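In this text, all values refer to a predicted model and were calculated from it rather than measured experimentally.
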Amino acid sequence: MRIARFSIDGNVAFGAVEGDKQDELVLDIIKGIPFTDFELSGTKVPLNKVRLLPPVLPNKVVAYGRNYAEHARELGNEVPDAPFAFFKPSTSVIGSGDEIQYPSFSQDLHHEAELAVVIGRMCREVPRERVQDVILGYTCANDVTARDVQKREKQWARAKGFDTSCPLGPWVETGLDLSTASDLTIQLTVNGEQRQLGRTSEMIHPIADLIVHITEAMTLLPGDVILTGTPAGVGPLNVGDEVAVTIEGIGTLTNKVVKRG
């Protein structure tokens, strides 16, 4: 099931996305929230009549860096032996169609296409054999990075945590099991030109390892998001660019870069 979060006539709701053709997609409004048992209402609205919102509002976004060897090497970094985690604040999250605001303190903004894991239940110290049980589904992400600031500052809070630096969407796909999600095509285009192309099977530390790793240290809550790293091909974004992340079996996340007002 594809679960979207959206607004219509000033109201916010979740809905199940139905249909195959983009211009014919409809939302069957969900009674309740997707983190517990829910029912479909049978009330349907065309997707093109609503505004898509970030599919979840995470308490925290846990991101993993340098989890694809070729990406680590392209920036001149060593491939880490252990998973390397950092955080993006909830205020960095935007949805598909929202604008990425070019930060005033950077002159070198980069895109990073990523598979995002959405947590479905509160969990801590998750054993490897239970990882599938805590996952609600998957969505597309763009770990937008002020690369010059990242290089200049030892802590990545500003470089990767500024407002609008974490586009997520367009929806959460709940129909992928862990095995399938671990071998998907992930690509990114800028103004229609392909910049990144890889497979999630190229991760150094797979999805299960990342969830085991972070839940050894902290509790994850329903709606929390884990970013799993980016394949090689990262590069600059400029004001006016349209950047799109497409992941096989999930969908396409699209955002435009604007000057920060």
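Glu70 is not listed as a side-chain neighbour of Pro231, based on a closest heavy-atom distance of 4.5 Å or more. At a threshold of 4.5 Å between non-hydrogen side-chain atoms, the residues Leu40 and Ile30 count as touching. Contact of the Glu248 side chain with the Thr180 side chain is not registered, since no non-hydrogen atoms from C-beta on lie closer than 4.5 Å. Side-chain atoms of Leu47 and Leu52, non-hydrogen and from C-beta on, do get closer than 4.5 Å to each other. For the pair Phe38 and Ile3, the minimum side-chain heavy-atom distance is below 4.5 Å. Counting heavy atoms from C-beta outward, Phe84 and Asn77 have side chains that stay 4.5 Å or more apart. The side-chain heavy atoms of Val93 and Pro58, taken from C-beta on, include a pair separated by under 4.5 Å. In this structure the side chain of Leu109 reaches within 4.5 angstrom of the side chain of Pro103, judged on heavy atoms.
In this structure, Asn48 places its CG atom where more than 12 heavy-atom neighbours from other residues, nucleotides or ligands lie under 6.0 Å away. Taking a 6.0 Å sphere around CE of Met122, one finds it holds 12 or fewer heavy atoms contributed by other residues, nucleotides or ligands. More than 12 heavy atoms of other residues, nucleotides or ligands lie within 6.0 Å of CZ in Arg152, so this atom counts as buried by the packing criterion.
The line from CZ of Arg199 to CG of Leu115 is 12.0 Å long, rounded to the nearest 0.5 Å. For the atom pair CZ of Arg260 and CD1 of Ile100, the computed distance is 13.0 Å after rounding to the nearest 0.5 Å.
Note on Leu188 and Leu168: separate hydrophobic clusters, where clusters join Ile, Leu, Val, Met, Phe, Trp and Tyr whose side-chain heavy atoms are under 4.5 Å apart, directly or indirectly. When the side chains of ILVMFWY residues are joined at heavy-atom separations under 4.5 Å, either directly or via intervening members, Leu136 and Trp171 end up in two distinct hydrophobic clusters. Under the 4.5 Å side-chain heavy-atom criterion for Ile, Leu, Val, Met, Phe, Trp and Tyr, Ile186 and Val144 are members of the same hydrophobic cluster. Under a hydrophobic-cluster definition in which Ile, Leu, Val, Met, Phe, Trp and Tyr are linked whenever side-chain heavy atoms come within less than 4.5 Å, directly or via other members, Leu227 and Leu221 are assigned to different clusters. Note: the hydrophobic cluster containing Leu253 also contains Ile250 (ILVMFWY, side chain heavy atoms under 4.5 Å, direct or indirect links).
Pairs of residues two or more places apart, or lying in two chains, never qualify as side-chain hydrogen bond (donor to acceptor under 3.5 Å, both in side chains) while including a residue from residues 19-41. Sorted by first and then second residue, the pairs that involve residues 224-233 and meet side-chain hydrogen bond (donor to acceptor under 3.5 Å, both in side chains), not counting sequence neighbours, are Lys60-Asp224, Gln196-Thr230.
None of Ile135, Val61, Leu220, Thr215 except one satisfies the side-chain contact (heavy atoms from CB on, under 4.5 Å) rule with Ile226; the exception is Leu220.
Residues passing the side-chain contact (heavy atoms from CB on, under 4.5 Å) test with Ile8, sequence neighbours excluded: Phe6, Val45, Val50. Gln187 meets the side-chain contact (heavy atoms from CB on, under 4.5 Å) test with Gln194, Leu197, Thr246; sequence neighbours excluded. Annotation: side-chain contact (heavy atoms from CB on, under 4.5 Å) contacts of Val79 (sequence neighbours excluded): Ala69, Ala72, Arg73, Ile204. The side-chain hydrogen bond (donor to acceptor under 3.5 Å, both in side chains) search around His213 returns Tyr64, not counting sequence neighbours.
A donor-acceptor distance shorter than 3.5 angstrom exists from the side chain of Asn255 to the backbone of Gly95, with no hydrogens or angles considered.
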